[in-house]
Amino acid sequence: MSAEIVQLTRLEPFEYRLRAPCHLLIASHRAERRDGETIVEGLPPSTRREFSRRLTFVPAGGGFFGWQEPRALTRVSYFYIDADGPLLDPELRFGEAHLAPRLFFEDPALWSTVTKLTQEIERGAQADQLYVEALSLVMIAELARLNRVDLGSEAQSRGGLAAWQQRSVDETIDEHLAEPLPLVALANSVRLSPRHFARAFKESFGQPPHQYHLSRRIDRAKMLLSEGKMSITEIAIALGFADTSAFSTTFRRLAGGSPRDYRRAFV
């Protein structure tokens, strides 16, 4: 494994792009942006503005790219992992595992290990090499554990989505209210097949994914209408409706009245 720690020194826009033959684990110690987009191949793009203390995993050969206008001086650790490294425990079968991409996820155990490893690397020549090796192996074992949890999640999905899956899906939908969200993309983001995901989603949220997405768009429309800063046409466009008529029809069906009537209640 090799690692590097990147610290911005100026608040200037920047782009990034990587496709490596090894696995990549990214630890965002401090990360806030005014605008931007991050893409990991196989997952929906994210425009999340604040992702401090979040992790991202890009499998070997996968693409990682995006751009951002930073709001704070970003500090990130990058860990490049050779899945066939000689120190890895053969029982982990890490080199044979099909690891899924993950974007801006949370895992307290993995984060704790990554933080200790980063602190030790920052010591430079004074770092304890044996401790670094031990932490590296623990980090890889944690990644293997996550993969095993993912593989077992389909069998557990009959009771609904796990808490982290619900949070991840909710954030993804919120970031893409104005865009179509294919069922396959949502299912992939939480490591479930579309069939299992649709069933578990309805169990957790009380309605199918497409209906929930639509209701969230209408909830956002209600907020914008109550603020009174945008016209009804501007709101329709901002939320991805084809035109004002389509927006009004959908709003009336879900909210029980027209957008104009809803706005009048706040005047």
Kindly indicate whether the side chain of [X], heavy atoms from C-beta on, has any atom under 4.5 Å from the side chain of [Y].
X      : Y     : answer
Phe51  : Glu32 : no
Cys22  : Ile81 : no
Ile121 : Ile5  : yes
Asp82  : Met1  : no

Please verify the inter-ring angle class for [X] with [Y]; under 30° counts as parallel, over 60° as perpendicular, anything in between as tilted.
X      : Y      : answer
His23  : Phe57  : tilted
Phe205 : Phe201 : parallel
Tyr16  : Phe14  : tilted

Carboxylate-amine/guanidinium contact [X] [Y], below 4.0 Å:
X      : Y      : value
Arg19  : Glu41  : yes
Lys229 : Glu227 : no
Glu122 : Arg75  : yes
Arg48  : Glu171 : yes

With no hydrogens and no angle check, just 3.5 Å: does a side-chain donor-acceptor pair link Ser77 and His29? yes
Could you list the residues that satisfy side chain to side chain contact (heavy atoms under 4.5 Å, CB included) with Arg216, not counting sequence neighbours? Asp170, Ile173, Asp174, Leu177, Tyr212, Asp219
Is there any salt bridge (Lys or Arg N to Asp or Glu O under 4.0 Å) pair reaching into residues 55-67, and which pairs are they, with sequence neighbours excluded? none
